[in-house]
Amino acid sequence: MAGRGHVAVSADLEALGQAAAAYVAERSAEAVAARGRFTVALSGGSTPPWLYRALVAPPWSERVDWLRWHVFLGDERLVPADDERSNVGLARRELLDHVPVPRDQVYPPPVEAGAPDAVARAYEARLRAVFARLAAPVPRFDLILLGLGSDGHTASLFPGMPALEVRDRLVVASPPGSLPPPVDRVTFTLPLLDAARAVLFLVAGQDKAATVRRVLDGDADLPASRVRPRDGDLRWLLDRQAAADLATTA
Ligand code: 6PG
């Protein structure tokens, strides 16, 4: 498993949330100490709420320097923020409404900007502007949070789709993937993911077990296998069910 990152397994979803919160708090503290800010990209899906719920409660809620957070979304479904499928809506409900991250340091994709490609370009421009203001000309997130679909997708990079091959953009549009919900999306591209100082995959559930194994075996057909931070920490936090097929290869 060398080169595929550090893998840790938690007993259940609650423990996974706690382990993830500890990692996020550590990356946040390091970034604030080194650069005075913490740039983080959140993800959607059903697993991150376990992290968010851990973060909004002690001890993490008191240890994290929320005022230094700058929050983006690694991918977003093109629906209004109050739609229950919105990733930023989820992040607000479960995390951002409960902690003092300044509102003007939360940067959701501008879903109202028009066609998917226009939203992607506007978000990339926003991202470049924020990182320029933060004196970091090459956008290098302190942490990008990712999930894994049972088809191997991550963020909104779906198997076989052109978005996966894009090298000259940071954010692109992605048509509805093979899994629900069937909506247009925008997504970070591999070059932006690979520039991060840290990438954290959170994966839970029996239906992910075979895919986790394929990704950690390096199956290049799966988008998640292609996330390889050039000079950053790659970490997988799994629950026991998602890790079920790994034991047989140990
Ligand atoms: C999205 C997500 C997506 C998600 C995976 C895993 O917008 O759909 O960002 O990439 O992370 O589908 O989702 P679960 O946590 O529900 O397994």
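Both counts, for ligands and for their atoms, begin at 1 and track the order of listing.
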> Backbone or side chain, does any N or O of Ala155 fall under 3.5 Å from an N or O of ligand 1?
Replying inline: yes
> Distance-only, no hydrogens or angles: does the Arg77 side chain make a donor-acceptor pair with backbone N or O of Val79 under 3.5 Å?
Replying inline: no
> Does Thr154 reach ligand 1 with a nitrogen or oxygen that is under 3.5 Å from one of the ligand's nitrogen or oxygen atoms?
Replying inline: no
> Within a radius of less than 6.0 Å around CD of Glu84, do more than 12 heavy atoms belonging to other residues, nucleotides or ligands occur?
Replying inline: no
> Salt bridge or not for Arg53 and Glu94, using N-O below 4.0 Å?
Replying inline: yes
>> As an exercise, identify every atom of ligand 1 less than 4.0 angstrom from a heavy atom of Arg77.
In response: 1 (C), 7 (O), 8 (O)
>> Please compare Leu145, Leu148, Asp75, Leu42 and report which has the shortest non-hydrogen distance to atom 2 (C) of ligand 1.
In response: Asp75
> Can you tell me if Ser225 and Asp219 form a side-chain donor-acceptor pair at under 3.5 Å?
Replying inline: no
>> Parallel, tilted or perpendicular: which one describes the rings of Phe141 and Phe131, with boundaries at 30° and 60°?
In response: perpendicular
>> Students should be able to answer this: which protein heavy-atom is nearest to atom 4 (C) of ligand 1, and at what distance?
In response: Gly44 O, 4.0 Å
> Charged N to carboxylate O under 4.0 angstrom, Arg35 versus Asp142?
Replying inline: yes
>> For Leu146, run the side chain to side chain contact (heavy atoms under 4.5 Å, CB included) check against Asp75, Leu234, Leu200, Leu193 and tell me which one passes.
In response: Leu193
> Which protein heavy atom lies closest to atom 13 (O) of ligand 1, and at what distance to 0.1 Å?
Replying inline: Gly45 CA, 3.7 Å
> Considering only the protein, which heavy-atom contact is closest to atom 15 (O) of ligand 1, and what is its distance?
Replying inline: Thr47 OG1, 2.7 Å
> Which option out of His153, Lys208, Arg185, Arg85 puts a heavy atom nearest to atom 3 (C) of ligand 1?
Replying inline: His153
>> How far is atom 11 (O) of ligand 1 from the closest protein heavy atom, and which atom is that?
In response: Gly147 CA, 3.4 Å
